[in-house]
Amino acid sequence: MTTMFDKILIANRGEIACRIIHACREIGVPSVVVYSEADSKALHVLQSDEAVCVGPPAPLESYLAIDKIISAAKETGCDAIHPGYGFLAENHEFAQRCKDEGLVFIGSGAESIRLMGNKVEARQMMIKAGVPVIPGMHASAADAALFAEEAEKVGYPVLLKAAAGGGGKGIRTVQKVEELESALEGAMREAKSAFGDDSVYLEKYIDCPRHIEFQVFGDTHGNAVHLFERECSIQRRHQKIIEETPSTALTPETRIKMGEAAVKVVKACNYSNAGTVEFLFDKSGNFYFLEMNTRIQVEHPITEMVVGVDLVVEQIKVAAGAPLSFKQDDFAQTGHAIECRIYAEDAASNFLPAAGTIHYLKEPTGPGIRVDSGIYSGAEVSVFYDPILSKLIAWGPDREAARKRMIEALSEYVVLGVTTQIDYLRDVLGHDEFIEGRTYTDFIPTHMPEWSPAVTDGDNLPFVLAAGALASQLSTRANVSAGDGESGMPTPWETVGKWEIGMGS
Ligand code: ADP
Ligand code: ADP
Ligand code: MG
């Protein structure tokens, strides 16, 4: 019998901090959140049982300040820390420090995090374990001649990648040898400033692949399972914006093979807790290990919807020493789930991050709809952090049902005051190639090269803001016009067009 934690510190913010609060409530463990001075009124603070301010807005002085976070945990009587994703989640020094301080890090051991945090070391380990990797260098280097030699071997185009990279950052395409030297200098400089490590290596550029990853779970008793795949090929700047499961590309046989390879990865690095093994899947149906993310993944909810487990609750139990509560044979994929990441950014201006006050928010509801949100009407969206606001998840008995529910839910989703890419997401979901399941990582540049919203909201902004403010101050009822499926989607401007002032209540 394992003993559950007394109290858990959540070292994160935004939607994932709120998600972890829910998991803690579900198992009856009190939680404490940390926050920066920019976040004193953030949703995770408002929802928390207890909150500790850990410093100024800059992440290095707050959410990444290891000493302050450890002190906050100790002062509030926590015996475990959940890092969420981003920030300290894949920092092996932090995981080790927690252990040294007698706190349980809710994740894998420091050594497996360190190994998998370095894409070059991870590749070496996969080769040993017999898992296919993308052709390319087996060690990082700084000598342009070595890169030229390797590029010649695998053939152009090639990618330069930061060994410590993540979040789609630190990746450069090189088309021909003439570009190599300056690209290498640039890549090293960029890697140094983004990750504090200038190690760069080279990989063959796989033409129009799909990104297909497997959710995996290990425990401290040597058990390892996978919970099937998520396809995340719809990306901008190498970062996912729409994910779905099951993938339209996998046959049952390939699914079994990739699942077995993913479990091999877990065993090879002695991994415990939730993780994700990412693969690239080429047009001939070959798959290659891409990297492993040693944490809860942004898109974990689609797996939860289709497999029927709570991954965050399981993370906590496994970290407390419990064996996995499921076996490989327990799982089946039921129905289809799609997730859209809702970002504060302008899809019409190269996805430039946006900031401001959310004057009015209406989140969609309905059968099969889940919103993992980090915002509310009145919340401030600052420029200090990742611009993810929330995640919208739609489940349906099959892909088309899930897709239609998603389009409907996006049409109902009203965020006023801060630019989001909701209209853009709806256009992707309505695109013929998406409908047909022809989703490759070049989807956005190929099929959505020049996008602009059907109606620009800018001209109407003063009215929209006034309407939003009115809506939240008076007890009004938004009589939102229903979206009519795929044609003539209402913009936020249209959806706030019909307001009905409630009389007497
Ligand atoms: P996922 O692989 O779960 O979809 P993303 O790649 O979109 O996640 O990244 C999720 C968050 O984690 C983002 O805030 C991103 O900037 C951050 N992140 C991911 N990897 C790293 C890393 N190696 N270093 C710093 N931040 C990272
Ligand atoms: P990160 O750690 O930033 O998530 P990944 O190695 O997972 O970096 O790659 C992110 C994305 O970049 C992939 O999902 C894919 O779209 C693209 N990518 C990475 N490596 C290759 C490659 N060798 N060929 C083609 N695309 C790639
Ligand atoms: Mg990745």
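Atoms within a ligand are numbered from 1 in the order they appear, just like the ligands themselves. These numbers come from a predicted model, not from an experiment. Computation of the quantities below employed the complete heavy-atom set of this structure, encompassing side-chain atoms and omitting hydrogens, waters and symmetry-equivalent molecules. The residues of the chain are indexed from 1 along the displayed sequence.
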Out of all atoms in ligand 2, which are within 4.0 Å of some heavy atom of [X]? Include the element for each.
| X | value |
| --- | --- |
| Glu278 | 7 (O) |
| Ile134 | 23 (N) |
| Glu291 | 1 (P), 2 (O), 4 (O), 5 (P), 7 (O), 8 (O) |
| Gln235 | 11 (C), 13 (C), 14 (O), 15 (C), 16 (O) |
| His238 | 10 (C), 11 (C), 12 (O), 17 (C) |
| Ile206 | 22 (C), 24 (N), 25 (C) |
| Ile171 | 8 (O), 9 (O), 10 (C), 12 (O) |
| Gly165 | 2 (O) |

Can you name the salt bridge (charged side-chain N to carboxylate O under 4.0 Å, His left out) partners of Arg399, sequence neighbours left out?
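Testing Arg399 for salt bridge (charged side-chain N to carboxylate O under 4.0 Å, His left out), a comparison that skips the adjacent residues, returns Glu244.
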Listed by chain and number, what are the salt bridge (charged side-chain N to carboxylate O under 4.0 Å, His left out) partners of Glu179, not counting sequence neighbours?
Lys176
Are [X] and [Y] close enough that their ring centres sit under 6.0 Å apart?
| X | Y | result |
| --- | --- | --- |
| Phe331 | Phe326 | yes |
| Phe281 | Tyr288 | no |
| Phe351 | Tyr343 | no |
| Phe443 | His431 | yes |

For the Mg ion (ligand 3), which N, O or S atom of Glu291 is at the shortest distance?
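This turns out to be OE2.
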Can you tell me the N, O or S atom of Glu278 that's nearest the Mg ion (ligand 3)?
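For Glu278, the N, O or S atom at the smallest distance from the Mg ion (ligand 3) is OE1.
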Starting at CD of Glu229, measure out to CD of Glu213 and round the result to the nearest 0.5 Å.
10.0 Å
Side chains of Arg230 and Ser247 only: does a donor on one sit below 3.5 Å from an acceptor on the other?
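Result is no, nothing qualifies.
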Judged by modelled atom types alone, do Thr439 and Glu231 share a side-chain donor-acceptor pair under 3.5 Å?
yes
Look at ligand 2 and say whether Lys119 reaches it with a heavy atom at a distance under 4.0 Å.
yes
Should Gln239 be listed as contacting ligand 2, given a heavy-atom distance under 4.0 Å as the test?
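No.
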Side chain, backbone, both or neither: Leu280 near ligand 2, heavy atoms under 4.0 Å
side chain
Distance-only N or O hit between ligand 2 and [X], under 3.5 Å:
| X | answer |
| --- | --- |
| Tyr205 | no |
| Leu159 | no |
| Gly168 | yes |

Face-on cation placement of Arg210 at Phe279 ring, 6.0 Å and 45° thresholds:
no
